[in-house]
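Below you'll find the structure, written out as structure tokens, and then a few comments.
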Amino acid sequence: MKKYDHKKIEKKWQGEWERSHIYKTGAPAAKKPKFYILDMFPYPSGEGLHVGHPKGYIATDIVSRMKRMQGYNVLHPMGFDAFGLPAENYALKTKTNPRIAVAKNVKRYKKQLEIIGFDYDWSREVNTTDPKYYKWTQWIFLKLLEKGLAYESYEPINWCPSCKTGLANEDVVDGRCERCNTPVEKKPMRQWVLRITKYADRLLEDLDAKESDVPLIKRTIGSDKVRADLPFQERHAIVSIVKHWSEDKYLCSRYKKNDWQGFITGGVEEGEDIGKTAVREVAEESGYESARFVRTFGRVDSQFYHEVKNVNRFAHFTGVYLELADGKRNEPAEEEKALADVVWLSKEEVGKFLNREDMKYLWDLFTGKKKQEGEKPLLEWPESIKEAQRNWIGRSEGAEINFSLKVGGKERSEKLTVFTTRPDTLFGVTYVVVAPEHAFVTELLKHKENLKNHDDVVKYVASARVMTEIERTDAKKDKTGVKLEGVAAVNPANGEEVPVYVADYVLADYGTGAVMAVPAHDERDYAFAKRFGLKIVEVVLGGDVSKEAYIGSGKLANSGEFSGSDSESSKKAITKSVGGEWVVKYKLKDWVFSRQRYWGEPIPVLHDGTAVIPVSEKDLPVELPNVKSYEPTGTGESPLAGIAKWVNVKVGRGKDAKIVKRETNTMPQWAGSSWYYLRFMDPKNPKKLVDPKAEKYWNQVDFYVGGAEHATRHLIYARFWHKFLYDIGAISTKEPFKKLQSVGLIMGEDGRKMSKRFGNVVNPDDIVSVYGADTLRVYEMFMGPFDQAIAWSTSGIVGSRRFLERVWNMREKVASNETEEASFPKQADVLLNKTIKKVSEDMAALRHNTAVSSLMILSNEFEKAPSVPRAAYEALLKLLAPLAPHMAEELWRSLGNKKSIHVSTWPKADESKLVEESVTIVVQVNGKVRGSFEASKNAAKDDLEKAALGLDEVKKWTEGKEIRKIIVVPGKLVSIVVS
RNA sequence: GGGCACGUGGCGGAAUUGGUAUACGCGCCGGUCUUAGGAACCGGUUCCUUACGGAUUGAGAGUUCGAGUCUCUCCGUGCCCACCA
């Protein structure tokens, strides 16, 4: 065998794999199980890749290759997210058309990826800047608009004066523009906003949902068309299995209008529990009055309503078991009789009678033939990412309480509503604060006579408006504010009049924009009160609500309303007592969706001066035109506004013809990436975003790998769009990414982030050239736990290279005859089987570091043997194939194999060889290891105890001492306690 | 200030449910080969101790026959969020 020449073999096999299309994803087919593994697609910046970028791609490539060998139809695609500021700024800097720059960068990225030897099916490549792609991004926008989830707003938004564009809340980090670090300003302007807050509760709840909370059976009989003219609804419902009063017979229902045969079903109405619903439905549909609720037995979700009642409903059915006390029966309602017949059937007959998957499934649950599935979590995500999303969504419950207002001593009709999580401190309120942007302030300032210090207030409000986010939200700065002279608020708990202040420490866009200040129990209020010399009143003693204060006030009838020590229910009781409302608030804000920049998807609407006219679907895509200057205008309009020819559109014919203007704002970078994973399922479809058949087959992304920095942007936006697409029936799953894993950064050798600025960037091309792609792959995986940030070490990489060379040189030791084969030690064979098991498990869980380690141990063991049987060597190569695809292929073919190792069958561990009959038993005396001995795996406790006490090393420590206790763990250890 | 994660040799890091801590790799030390250097290969390598032995998973406590692993307190590091009422 020649020396290991990585340059030659890597080039050779990359060419060969491309020619033979071995990585082409199969068409949706039921024959093979599917596996969809996805990397977060990159945006192709001008800088190219450094060694940190491919880390995640290598990890998914390994899983993808293993799954392929395990017989899965693998979807492992790659594409480019090329709209947005980075690409545009790069284009501006280099004075090239972004289209040209993007094409160039994409080409470079692909080349860099190719030399690492990934198994991407490039025939499915998507690019968010391709009109054929963004046609569907625009289509989704139109749907959002149609459903009232996209709206125009004129509220002040975050504005980056350097990028000259509005930003979403998510794009602002510490008050600065996430891209260019410029302090963000507040600027009122017209903008498009997506109502993501409407999904806040679902985005939150599904983080902790179980699989059983989503539809278990997705099959529908007949048409699977969702009626776009009807709203989509979900509801709770029941399926009742009713047993006859004396015989072993069950009540079934046969629909007259279609072939639907099952049990009595019905929706749970308001105020009902499941048992009540079942009894009522049975009485209505069958006429039997005396049904008794016995128990529930499981659940299934089905589109029953969709089919029978022709509405868009996805019902979550709970199975309810009922027994009839007697045969008392009324005539069922005429309406029900027309719809269905009821019949009594024996257990055997029921099995045959049922003709629907969902009903059969419930029957199997009832008879015990099947067990309820789906108790696994809906999302297998790292807890840290889930937690980041929970914090971002920021749900909090509290009270909205109305304070009456007096201006110039006169009571006003409108009230000031404050939001508080601590209504129990209502008696400690000494003033009320409103945000400078609050509508009440604006209203008040309209009439000079309202305020004695009108001019001061105007000044303060104006100064708050021009401050940057950083200046305003710096927690360290002294609290500022101004009193509304002549205005008082009335505390609804005790009728006390308190002053009202305007202060910028109250945020306009959280809660109601007004707070009741309790300086004794809130740090911020305390700081403000100290500064302005305001009263401080304590109400809470030792953390408990001072009940007497409330009871004494006469607002609460008796202490019983506190419901014991439950602080939440007492808070609710207090809220109620002052006429307030218990509400849920979220920190999550609606998604500012328009950018005043060139390089993005045009928002597909027209303006006729008064109204917004959506571009009709057939006119999509609205293509991004070429312009002379890409420079942002800074006026709140995008450079597109300068192209009269594009902006002015003639609509209508003849007399009705008129000129309308195109929307010139574009979409943010996050638009295209919010749904790209769906397009990979069916990347070329000109008629649909994704074909339902392909969508049902590929279902969800099984495994998604990428940077944790996307926790609160990409991953929330994508979940939002996905849920929306689910609601309009475009897709069939509730969540886009089943399992998620985040990649840890690769730092520079100096421990700092890899950056041109620090001069610590390592280019993968150089590493591939010197050590080979296979070595790079093995090393990056071997470095440490996948999700951890670890510093690059070029000296450490030689260990991975040496390991590969050892496997390469082992080729000469492959046995050529039976005698040689027989010389292979048994323990090496046992280790091989153990390693097969471990590597399979480790790779599936992205524990590639320990997979590599166990392969090293295995090859060290093989090296000790005089020769290695071909089968054993081939198994080693197969295990190595995902990690070092080129070398494994070369060695595999050198053994005479004709087909690629990457389409061979993954080895299976021989379970019988995993069981060792002899094990080492450790003996501890007073917790310290004093000896060990070999024993049969199934040795009895008594024998182990005897053997342990008989050991010389053990005797030494037990002699002359009283043995107090002996603990024997069979197959593991004997622990002796002496006094 | 809040949340989450983590803390193991000179370094990167291993350690199913509590059951022989330091696997694997780097580095280092010694050896073989070589004119030499390097490469490759072989052996050694947690610390203290000549040894017997002892100590050791950030510190301290607890539960247990037994704790890197579970509980509590503290210290430190990293990430995310933050005038969110």
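We name chains A, B, ... by the order of the sequence lines, and we start the count at 1 in each one.
Remark: side-chain polar atoms of A:Tyr460 are paired, donor with acceptor, to backbone N or O of A:Thr480 under 3.5 angstrom. Counting only distance, with no hydrogens or angles, the side chain of A:Arg777 and the backbone of A:Pro882 share a donor-acceptor pair below 3.5 Å. Not one N or O on the side chain of A:Asn833 forms a donor-acceptor pair closer than 3.5 Å with the backbone of A:Glu911.
Across all strands shown, A:Asn860 has heavy atoms under 4.0 Å from sugar-phosphate atoms exclusively, and none from any base. Across all strands, A:Ser854 comes closer than 4.0 Å to no nucleic acid atom at all (heavy-atom distances). Backbone-only engagement by A:Ile790 is indicated by non-hydrogen atom pairs under 4.0 Å involving sugar-phosphate atoms exclusively. Nucleic acid contact class of A:Lys585 (heavy atoms, under 4.0 Å, all strands): none. Using a 4.0 Å heavy-atom distance criterion, A:Val852 is classed as making no nucleic acid contact. If you check every strand for non-hydrogen atoms under 4.0 Å, A:Val977 touches sugar and phosphate atoms only. Contacts of A:Ser932 with the nucleic acid, taken as non-hydrogen atoms under 4.0 Å apart, are absent.
Closest to the side chain of A:Pro785, from the set B:G13, B:C65, B:C81, is B:G13. Here the side chain of A:Asn391 is nearest to one of B:G25, B:A82, B:G2, namely B:G2. Counting only heavy atoms from C-beta on, A:Arg930 has its side chain closest to B:G54 among B:A15, B:G54, B:C81. The side chain of A:Ser795 lies closest to B:C26 when the candidates are B:C26, B:A85, B:U20. Closest to the A:Leu973 side chain, of the nucleotides B:G27, B:A85, B:G19, is B:G19. Nearest to the side chain of A:Val798, among B:C26, B:G12, B:A21, sits B:C26. You'll find that the side chain of A:Lys587 is closest to B:C81, out of B:G25, B:C81, B:G54. Side chain of A:Thr421, nearest nucleotide from B:A85, B:G25, B:U20: B:A85. Comparing B:C83, B:A14, B:C24 by their closest approach to the side chain of A:Tyr505 singles out B:C83.
For A:Asp525 and B:A85, the CG to P distance is 12 Å, given to the nearest whole Å. One interatomic measurement links the two molecules: NE2 of A:His848 to C1' of B:G13, which rounds to 17 Å at whole-angstrom precision.
Remark: B:G7 base-pairs with B:C75; criterion is Watson-Crick or G-U wobble with both hydrogen-bond distances under 3.5 Å. B:U57 makes up no base pair with any nucleotide shown, lacking Watson-Crick or G-U wobble contacts both under 3.5 Å. Across all strands shown, B:G19 pairs with B:C65; the Watson-Crick or G-U wobble distances both stay below 3.5 Å. Nucleotide B:G27 is matched to B:U45 when pairs are restricted to Watson-Crick or G-U wobble geometry with both distances under 3.5 angstrom. In this entry B:A85 has no Watson-Crick or G-U wobble partner, no candidate having both defining distances under 3.5 Å.
Inter-residue side-chain proximity for A:Pro436 and A:Val441 is flagged as unmet; no heavy-atom pair is nearer than 4.5 Å. Contact annotation: the side chain of A:Arg179 never approaches that of A:Leu167 to less than 4.5 Å [non-hydrogen atoms, C-beta and beyond]. Looking at heavy atoms from C-beta onward, A:Lys587 lies in side-chain contact with A:Tyr510 at the 4.5 angstrom threshold.
Of the two residues near RNA chain B, A:Glu387 and A:Tyr510, the one whose nearest nucleotide lies more 5' is A:Glu387. Checking A:Asp504 against A:Trp957, the closest nucleotide of RNA chain B that is more toward the 5' end is the one next to A:Trp957.
Of the P atoms belonging to B:A67 and B:A21, the separation is 10 Å, rounded to the nearest Å. A gap of 31 Å separates the C1' atoms of B:C26 and B:U35, to the nearest Å. B:G19 and B:G54 have their C1' atoms separated by 22 Å, with the value rounded to a whole Å. Across B:G13 and B:G7, the matching P atoms stand 10 Å from one another, rounded to whole Å. When the P atom is used for both B:G58 and B:U8, the distance is 6 Å, rounded to whole Å. Taking the C1' atoms as reference points, B:U56 lies 10 Å from B:U22, given to the whole Å. Only the C1' atoms considered, B:C33 is 30 Å distant from B:A23, to the nearest whole Å. Taking atom C1' on both B:C70 and B:G30, the two are 44 Å apart, rounded to the nearest angstrom.
Taking 3.5 Å as the limit, the base of B:G19 and the side chain of A:Gln924 contain a donor-acceptor pair of atoms between them. Side-chain N/O atoms of A:Lys972 and base N/O atoms of B:U17 include a donor-acceptor pair closer than 3.5 Å. With hydrogens and angles ignored, a donor-acceptor pair closer than 3.5 Å exists between the side chain of A:Lys479 and the base of B:C83. At a cut-off of 3.5 angstrom, the base of B:C4 holds no donor-acceptor pair with the side chain of A:Ser384.
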Show your working on salt bridge (Lys or Arg N to Asp or Glu O under 4.0 Å) between A:Glu437 and A:Lys186 and close with a plain yes or no.
CA-CA 11 Å; A:Glu437 296 86 351; A:Lys186 287 274 173 197; over 6 Å; no
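The shortest distance between the side-chain N/O atoms of A:Asn849 and the OP1/OP2 oxygens of B:A14 is below 4.0 Å. For the pair A:Arg802 and B:A40, the criterion of a side-chain N or O lying under 4.0 Å from OP1 or OP2 is met. Residue A:Gln788 places at least one side-chain N or O closer than 4.0 Å to OP1 or OP2 of B:G13. In this structure, A:Arg806 reaches the B:G25 phosphate: one of its side-chain N or O atoms is under 4.0 Å from OP1 or OP2.
A glycosidic torsion no more than 90° from 0 defines the syn conformation; B:G18 lies beyond that range and is anti.
Note: A:Trp591 and A:Tyr717 have parallel aromatic rings, judged against thresholds of 30 and 60 degrees for the angle between ring planes. Relative ring orientation between A:Phe737 and A:Tyr704 is described as parallel, the plane-to-plane angle staying below 30° on a 0-90° scale split at 30° and 60°.
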